[in-house]
Amino acid sequence: MFFFSLFKIVHIVAGFTALLVFWIPIVTKKGGKAHLRSGWVYVIAMGAVAVSALFMGIWRIGFDPAKTADSEAFAWFLIFISILSAATAWYGVRVLRFKNRKAAHRQIVDVMFPALLVGSGVAMSVYGAVTQFPLLTWFPLVGIFLGGSQLIYWLRAPRSRMHWWFEHMGGMLGCCIATITAFTVFGAPRLLSISSVHPLVWFIPTIVLVPVIVGFSRYYRKKFAISKSL
């Protein structure tokens, strides 16, 4: 129980840190000091969130004597969020490491995470459908989509100019989806002293941020196209 409480504190502190800084890399100059420093703070915070969420989810499923069907379902969601946040943050960092690649990239440490994200997404969605838990039925589709697109990116040669820019942006904003969704599901009800929020609210971060990713991608593609023509 001591370790659970310790990981819970780490999870809360890291989660609020991520919530406080995630917007800074989005609005600051790309590649500037503020962008880089706040970006690394966010990545480290999300790493702590992922590890602590994984531990707490496993503990609740395997060792919590007071667990219920609902608490077990939320524990599985916690585990999936840990996979989603870790995979997207890792991807966002690693695409910069290999931005100059010309061929397919098959390093196991990079392919493993999106493959795990796809596999866990399918498993969680099936589990959610069987247990009639809407959050676990539909939200994992986000992970399946993100993991699938990451696998495609790694397993084929780059096909566009500045490809790493768009993948980095998509990976980090995908990680933001995990951050805000976890807060919406777990943090907000506790702060507001309510038992839960309407299931539709769980999907608001996805509904809002996916168009943001698309919008940013279109903006920068036009910007880079203009720069190249000049």
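Note that these values count all heavy atoms, side chains included, but never hydrogens, waters or copies made by symmetry.
Residue pairs satisfying the salt bridge (Lys or Arg N to Asp or Glu O under 4.0 Å) criterion with at least one member in residues 133-148, sequence neighbours excluded, are absent.
Contact detail for R161 and F166: the closest heavy-atom pair is O-CE1, 4.0 Å. Shown here for L78 and M56, the closest heavy-atom pair between the two residues is CD2-CB, 3.9 Å. The two atoms that bring A18 and T179 nearest to each other are CB-CG2, 4.0 Å, heavy atoms only. Across all their heavy atoms, A34 and T28 have their closest contact at CB-CG2, 4.0 Å. Nearest approach of A89 to C175, heavy atoms of both residues: CB-SG, 3.9 Å. Residue A75 comes nearest to R60 through the heavy atom pair CB-CB, 4.0 Å, listed as atom of the first residue, atom of the second, then distance.
L84 and V109 fall into different hydrophobic clusters, where Ile, Leu, Val, Met, Phe, Trp and Tyr side chains are chained together by heavy-atom contacts under 4.5 Å. Taking hydrophobic clusters as Ile, Leu, Val, Met, Phe, Trp and Tyr residues chained together by side-chain heavy-atom distances below 4.5 Å, V21 does not share a cluster with I44. Cluster annotation: I180 is connected to V212 through the hydrophobic network of ILVMFWY side chains, with a link wherever side-chain heavy atoms come within less than 4.5 Å. The cluster map of Ile, Leu, Val, Met, Phe, Trp and Tyr, joined by side-chain heavy atoms under 4.5 Å apart, puts L36 and V27 in different clusters. Residues I83 and I108 fall into different hydrophobic clusters, defined by Ile, Leu, Val, Met, Phe, Trp and Tyr side chains chained together at heavy-atom separations under 4.5 Å.
When the shell of 6.0 Å around OH of Y127 is examined, it contains more than 12 heavy atoms from other residues, nucleotides or ligands. Within a 6.0 Å radius of CH2 in W59, more than 12 heavy atoms belonging to other residues, nucleotides or ligands are found. The 12-atom threshold is exceeded at CZ of R101, counting heavy atoms of other residues, nucleotides or ligands nearer than 6.0 Å. Atom CH2 of W76 has 12 or fewer heavy atoms from other residues, nucleotides or ligands within 6.0 Å.
For H11 and F55, the distance between ring centers is not under 6.0 angstrom. Ring centers of F133 and F74: under 6.0 Å apart, within the cut-off.
Within the 3.5 Å criterion, the main-chain N or O of V122 finds no donor-acceptor partner in the side chain of S125.
Here the straight-line distance linking atom NZ of K30 with atom CE of M169 works out to 9.0 Å at 0.5 Å rounding. The CH2 atom of W90 lies 8.0 Å from the CE atom of M112; values are rounded to the nearest 0.5 Å. Atom OG of S38 sits about 8.5 Å away from atom CH2 of W23, to the nearest 0.5 Å. Interatomic distance, CZ of F22 versus CE of M172, reported as 13.5 Å (0.5 Å rounding). Between the OG1 atom in T137 and the CE atom in M124 there is a gap of 12.0 Å [rounded to 0.5 Å]. Distance check: L135 CG to T184 OG1 gives 10.5 Å after rounding to the nearest 0.5 Å.
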Would you sort out whether V142 and F80 count as a side chain to side chain contact (heavy atoms under 4.5 Å, CB included), showing the intermediate values?
CA-CA 11 Å; V142 177; F80 180 71; over 6 Å; no
Could you walk me through whether F4 and F63 pass the ring pair (Phe, Tyr, Trp, His ring centres under 6.0 Å) test, one step at a time?
CA-CA 11 Å; F4 181 84; F63 304 99; over 10 Å; no
Let's go through Y42 and T17 carefully: what are the C-alpha distance in whole Å and the side-chain angles of both, what is the deciding distance for side chain to side chain contact (heavy atoms under 4.5 Å, CB included) to 0.1 Å, and is it a yes or a no?
CA-CA 7 Å; Y42 178 73; T17 301; over 6 Å; no
Verdict with reasoning, M46 to V49, per side chain to side chain contact (heavy atoms under 4.5 Å, CB included):
CA-CA 5 Å; M46 288 308 298; V49 166; 4.3 Å; yes
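In summary, of the residues considered (Y91, F113, W164), a ring-ring contact (aromatic ring centres under 6.0 Å, His included) with W154 occurs for Y91 alone.
Inter-residue side-chain proximity for H168 and K99 is flagged as unmet; no heavy-atom pair is nearer than 4.5 Å. When side chains are defined from C-beta on, I177 does not count as touching T88, because their heavy atoms never get closer than 4.5 Å. When side chains are defined from C-beta on, Y153 does not count as touching D110, because their heavy atoms never get closer than 4.5 Å.
Taking the salt bridge (Lys or Arg N to Asp or Glu O under 4.0 Å) definition, one finds that D70 meets it with nothing, sequence neighbours left out.
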